[in-house]
Amino acid sequence: MEAESKENILVVGYIMKPSRKEDFAKRGAFPSHPTQNGLIFLPLNFELPISSQLQQVDVLLHKATDEIVDVKMSSSSEFVDKIEYTKGMQDLQRYTESHPECCVIDPFPNIYPVLDRLRIQQILFGLENLCIKSCYRIRGPRFLKVNSFEEPNLEHRLFEAKLSFPNIVKPQVACGVAVAHSMAIVFNIEQYKGLNVPLPAVVQEYVDHSSCLFKFYVLGEKVFYAIKKSTPNAATLMGLPEACDLKPILFDSLKSLPIDKKNQQVEDGVSSAGIQQLDLELVTDAANWLRSVLNLTIFGFDVVIQEATGDHVIVDLNYLPSFKEVPDDVAIPAFWEAIKWRFKSEREVEFATDSNFTANYSHRLFIVYLNLGRFLNSKTVIPSLFGCGCERFL
């Protein structure tokens, strides 16, 4: 592919927590020279006025959830504007709201549903319409919102929601705060008493899936997936020491998952039966549907296949994942293409009508390289501008 001409170079400003920024940079995602599809990446920071930095970029790539200070959940409704960001992210949000011409990946309102597990569940109801062409169903897990684990009719509510034991219990807030990943697997109604999971919570069915998890990544118009080992079936879980002691299994989903250590060495891979059951066309349709409904550019979701029915169940959904399971030589160009695709889809008319767009580029790119040079502590700040489907991964 030939390098893009100077007039077509897009400046992508990016902001996220240092560890995430470093991880993406190590994989070559944020080059300081133009990519072959015409992107230049400019690091942003909150130590300088964010508005002056954003004036130099065409596209803003952010991970706003890295800058959440607190999320105050209501027992009777959804977030109700209770997300508190750092001052820097608040300034950035205000700038994007007052400058709609700035292409944001992705707009703040678009990521709010992904922060709320209850809202995610409600969105997944719409998947029912995608099951017509397949012999399998794709759906979200059965669920119930709980405001208190001590409510006297909890057992009846679980029965009405068709939730048999074991259940997996998750905080309603899905990310951005540490407690979002404090979860439990509960084996009987008595274990709900004093359960140490933040409220309000979402109780989900536990799906037997032969320890086989499919991680799907949507990068613009492309869909990839990888296969990972997951938690064991309910019968195996009930044989773990915690369950035998009549206690719920508590875990942090970011750090470790409950596993059967006795059989860990036997099943180092994943179930071949689960892989054979995967209806890739069905899940790809779901990925495209979710992209349309959520209006997100880059997101991921996890699918398990229920042993007894073959149901494809989406058990998690997240915004701007690392997609580490996809090889960098495939994932990074797709990442760049997703950014360019989003910009083009929103700015097609602007490219055709804005006569000042091309004229302003030389000056803007000079400023960009000047800032990149400062950021990299380099004396050479202006390099040459011209010198530079769905796939499975195990």
Side-chain angles (χ1 to χ4, degrees), residues 14-24 60-75 77-86 88-90 92-93 104-124 140-141 143 145-146 168-184 196-204 213 215-219 228 230-231 250-257 287 290-291 293-304 313-325 335:
Y14 61 95
I15 188 131
M16 53 191 66
K17 66 182 180 181
S19 60
R20 194 183 309 278
K21 188 183 298 186
E22 182 180 356
D23 177 68
F24 272 98
L60 168 63
L61 175 70
H62 70 90
K63 181 82 170 180
T65 53
D66 286 346
E67 298 292 326
I68 291 178
V69 176
D70 191 23
V71 179
K72 293 180 173 63
M73 298 297 298
S74 167
S75 62
S77 61
E78 297 177 10
F79 284 111
V80 198
D81 300 324
K82 296 298 183 182
I83 303 174
E84 181 183 351
Y85 292 108
T86 60
M89 189 56 69
Q90 291 178 34
L92 185 148
Q93 184 177 16
V104 182
I105 300 179
D106 280 301
F108 284 75
N110 297 20
I111 70 173
Y112 290 154
V114 186
L115 305 181
D116 185 347
R117 287 193 173 95
L118 179 64
R119 183 69 186 119
I120 292 171
Q121 294 280 172
Q122 293 166 343
I123 289 171
L124 293 178
F143 72 97
K145 179 181 176 179
V146 175
I168 183 164
V169 187
K170 306 177 181 180
Q172 184 176 343
V173 58
C175 60
V177 291
V179 296
H181 307 285
S182 298
M183 305 181 184
N196 189 23
V197 174
L199 290 165
V202 175
V203 180
Q204 293 179 351
L213 177 75
K215 297 191 74 68
F216 277 81
Y217 299 106
V218 181
L219 304 178
K228 294 191 69 177
S230 180
T231 54
L250 303 175
F251 63 99
D252 185 318
S253 63
L254 284 185
K255 297 177 180 178
S256 62
L257 295 174
L290 285 168
R291 182 179 58 236
V293 171
L294 298 170
N295 196 19
L296 292 176
T297 309
I298 302 167
F299 65 96
F301 59 94
D302 296 344
V303 175
V304 298
V313 185
I314 297 179
V315 294
D316 192 22
L317 196 152
N318 52 84
Y319 165 68
L320 193 59
S322 65
F323 46 87
K324 287 182 179 179
E325 291 82 4
F335 171 67

Q: Between L290 and V218, is a side chain to side chain contact (heavy atoms under 4.5 Å, CB included) present by the stated rule, with each step listed?
A: CA-CA 9 Å; L290 285 168; V218 181; over 6 Å; no
Q: Can you measure from NZ (K324) to CG (D23) and round to the nearest 0.5 angstrom?
A: 4.0 Å
Q: Just so I know, are the side chains of L92 and L60 near enough to count as touching, which here means a heavy-atom distance under 4.5 Å?
A: yes
Q: How long is the span from the NZ atom in K17 to the CG atom in D66, to the nearest 0.5 Å?
A: 5.0 Å
Q: Could you tell me if the side chain of V114 sits less than 4.5 Å from the side chain of F299, heavy atoms only?
A: no
Q: Checking T297 now: which residues fulfil side chain to side chain donor-acceptor pair (under 3.5 Å) with it, not counting sequence neighbours?
A: D106, R342
Q: With sequence neighbours excluded, what pairs up with Y319 under the ring-ring contact (aromatic ring centres under 6.0 Å, His included) test?
A: none
Q: Do the side chains of I298 and P321 get nearer than 4.5 Å, heavy atoms only?
A: yes
Q: So, R117 side chain and A180 main chain: donor-acceptor pair closer than 3.5 Å or not?
A: yes
Q: Tell me every residue that passes side chain to side chain contact (heavy atoms under 4.5 Å, CB included) with I120, counting only those two or more places apart in sequence or in another chain.
A: L124, L317
Q: Can you name the nearest heavy-atom pair linking S182 to V197, along with the distance?
A: O-CG1, 3.6 Å
Q: What residues form a side chain to side chain contact (heavy atoms under 4.5 Å, CB included) with A64, not counting sequence neighbours?
A: H62, Y85, M89, F108, I111
Q: Of all the heavy-atom pairs spanning I68 and V71, show the shortest one and how long it is.
A: CG2-CG2, 3.6 Å
Q: Quick one: closest heavy-atom pair of H181 and A174, and the distance?
A: CE1-O, 3.8 Å
Q: I'd like to check the side chain to side chain contact (heavy atoms under 4.5 Å, CB included) partners of D316; sequence neighbours left out, ordered by chain and number.
A: D302, N318
Q: Just to verify, what does Y217 make a ring-ring contact (aromatic ring centres under 6.0 Å, His included) with, not counting sequence neighbours?
A: none
Q: Which atoms form the tightest heavy-atom contact between N110 and L294, and what is the distance?
A: CB-O, 3.8 Å
Q: What pair of heavy atoms forms the shortest contact from I314 to P141, and how long is it?
A: O-CD, 3.1 Å
Q: Calculate, to the nearest 0.5 Å, the distance between atoms CD and NZ belonging to Q172 and K145 respectively.
A: 4.0 Å
Q: Under 6.0 Å between ring centres: does that hold for Y14 and F24?
A: no
Q: Could you measure the distance from the SG atom of C175 to the NZ atom of K63? Nearest 0.5 Å is fine.
A: 6.5 Å
Q: Once you round to the nearest 0.5 Å, how far does CD1 of I83 lie from CD of Q90?
A: 11.5 Å
Q: Rounded to the nearest 0.5 Å, how far does CZ of R291 lie from CG of L296?
A: 10.5 Å
Q: Would you call M16 and L320 a side-chain contact if the rule is heavy atoms closer than 4.5 Å?
A: yes
